[in-house]
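Below: one structure, written as structure tokens.
Sequence positions, counted from 1, serve as the residue numbers for this chain. All values below come from the heavy atoms of this structure, side chains included, with hydrogens, waters and symmetry mates left out.
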Amino acid sequence: MVKLEVRLMGESQPVTEGEHKLIKPSTFDPVKGVIRIADREIRIGGPLPKTKKGEKLVRYTNSICPYCYALLPAIIVERDDKLYIRKICPEHGEIEEIYQGSSEWAKRIEKWFVEGRGPRHAYTELTAPCPFSCGLCPLHKNHTALANLVLTNRCDLDCWYCFFYAEKSGFVYEPTQEQIRHMLKSYLKQGITPVIQLTGGEPLLREDIVEIIKILREMGIKHIQLNTNAIKFARLYLEKGEEEAVKFARALRTTGVNTVYMSFDGITPKSNPKNHWEIPFVFEVFRKAGMTSVVLVPTVIKGINTGELGDIIKFAALNMDIVRAVNFQPVSLTGMIKRAERQKLRVTIYDTVKLIEEQTNGQITVNDWYPVPTSVPVSVFAEALAGRFKFEMANHPECGVGTYIYVHKENGELTYIPIPRMIDVEGFMEYLREKAEELKAGKHKLLVGTKILLNILKDFIRWSEVPSELKKSLPKLLLEIFTKQSYEALGKWHYKFLFLGMMHFMDLYNYDVERVMRCNIHYLMPDGRVVPFCTFNVLSDVYRDYVQKKYMFTLEEWKRMKGEHTLGEAIKYRRNNELIRKMTTHPLYLKTYGPFLEKWIDMYPWLKEHSRDK
């Protein structure tokens, strides 16, 4: 159990620590074992679960009751070659959930565990045990790597698995430009390279989206990512013409959008009802507008799109002139869902990488993926070389994994060559740690840099696995990343390789406090706080909704201010059969989905005519 000696404090009364004031998000009564936060009381404590027959204890942690939010001791156990997390709520009984789909694979990734060095800047006082002092509190282990800035909770879709949108929330949250500036000022106190993701809802519903991007650039935001379903680009193309659509996309790009983080749940209409039909038009607009950094983001749901993971990678590989990455997100199961239903939908990171191995015929194996903190030795070395703090990603290994693949094209066939086949990743990371220690001990930087170049060539590149067209450029790309440590050097790498990432955001059933303490994907809040993803969205009525309601408009207020056409059914995007036929018979659709059309050709008879003509 977590025990804290903290004095009782009034909510939201700031105290001074050093040169800045800390927000007090909660109070804690250690005698009663009760946390008071967001107008509710949350109990602490419960019996420590015991291992059962056939189980092996992996570690202890803390978790949360999905029914009352009670903070509970929990265990992670190994059983039948899988990991499970179990907790016992005194009121609601035992709750167990799959934690990872392979215990052996979990050992492989968890060896990269890094403690983390703290948040760089604390915004809240540690008034209650984690996760009820967010954030970021002094106990947090990581600075922000990606800051989500919610521009609106309005959306032109209403997907069943979505975290939130206005009609579901019952209010409109849409921060003013002044509130946006305030949130950015708060974020910049961390003193690290600022990376912002504009998100929602659907951020492109903001009429002032270009002005907001200008504000971000003026305030020194280095990288701006737009999280969108991208439907607006297709609608402009189809309804107002290519010129208008390209003009809008180009305005976003030239103003400062670096990357479009785009929903893409699969290649078929069944798996991707969100934007399947619109993607060909979106891609055409992006090509014409110079928007050449797109990340495809599939939410992975068992039985819905788990049969298309290999095809999603193939689709990305065929469009590498604009697609830089695929970031798979195993679904986070929000709401009250019975265990049997959860088992039908739940997919872990291991399940996902194993399916990818099978669907790429072993070209991308489960061992080609590495957890996020594998990158820490790069940061340690860069810091030693520069003599100042460097951006570091010390997430919990169970939060996410990734790999890079080189796509070799020959005679119309694609071959995937993962970077771990070409480079001894583990040996090289250990080598960088050693070189960092040499630099700290006073060795000459030029001498160390030269030695690294020679050893990359001699010891760590597996030349027999490197395609001939890559043999000249690979050492140079690596050296630039590790010595220049620049945004531009990393950009060159991303235009040569396809990144495959995976982040499994938690829910109340598999919640692990050790993970959230190390989260580095955060949300900016209008009260000045910076809150981890898995408290903001999972404990939504304590963090996201509770704070946003203080800055909200009721649905009726919004309609009076902005008009009936800006909310509800009036902004929802609906397709009819006529529109679907128009899109699916368009040359752009036929070209974009050409290699895959046979998979759903029976849905649309007119596609068979195209197939015969071809």
Using only atom types and a distance under 3.5 Å, with no angle test, would you say the side chain of [X] pairs donor to acceptor with the backbone of [Y]?
| X | Y | value |
| --- | --- | --- |
| Y187 | I196 | no |
| N272 | F264 | no |
| D208 | E211 | no |
| R529 | I23 | no |
| T255 | L252 | no |
| N327 | M502 | yes |

Name the orientation class of the two ring planes belonging to [X] and [Y] (parallel below 30°, tilted from 30 to 60°, perpendicular beyond 60°).
| X | Y | answer |
| --- | --- | --- |
| F505 | F533 | parallel |
| F391 | H143 | perpendicular |
| F281 | Y237 | tilted |

Q | For E398, the option from R518, Q100, H504, R515 that meets side-chain hydrogen bond (donor to acceptor under 3.5 Å, both in side chains) | A |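 Among R518, Q100, H504, R515, the one that satisfies the side-chain hydrogen bond (donor to acceptor under 3.5 Å, both in side chains) with E398 is Q100.
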
Are the side chains of [X] and [Y] in touch, meaning some heavy atoms are under 4.5 Å apart?
| X | Y | answer |
| --- | --- | --- |
| R40 | Y69 | yes |
| V326 | F499 | no |
| Y511 | C534 | yes |
| Y123 | D527 | no |
| L198 | N148 | no |

Q. Can the ring centroids of F553 and F171 be said to lie less than 6.0 angstrom from one another?
A.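 So the answer is no for these two rings.
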
Q: Kindly state whether the ring of Y551 and the ring of Y173 have centres lying under 6.0 angstrom apart.
A: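 For Y551 and Y173, the ring centres are not under 6.0 Å apart.
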
Under a plain distance cut-off of 3.5 Å, with no hydrogens placed, do [Y] and [X] share a side-chain donor-acceptor pair?
| X | Y | result |
| --- | --- | --- |
| D512 | Y99 | yes |
| D156 | N229 | yes |
| T124 | S133 | no |
| S63 | K87 | yes |
| S271 | D265 | no |
| Y523 | N537 | yes |

Q. Among E207, E174, E202, which one satisfies salt bridge (charged side-chain N to carboxylate O under 4.0 Å, His left out) with R154?
A.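 Of all the options given, the one that passes is E174.
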
Q) salt bridge (charged side-chain N to carboxylate O under 4.0 Å, His left out) with R339: which of E94, E96, E97? A)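 For R339, the salt bridge (charged side-chain N to carboxylate O under 4.0 Å, His left out) test succeeds with only one of E94, E96, E97, which is E96.
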
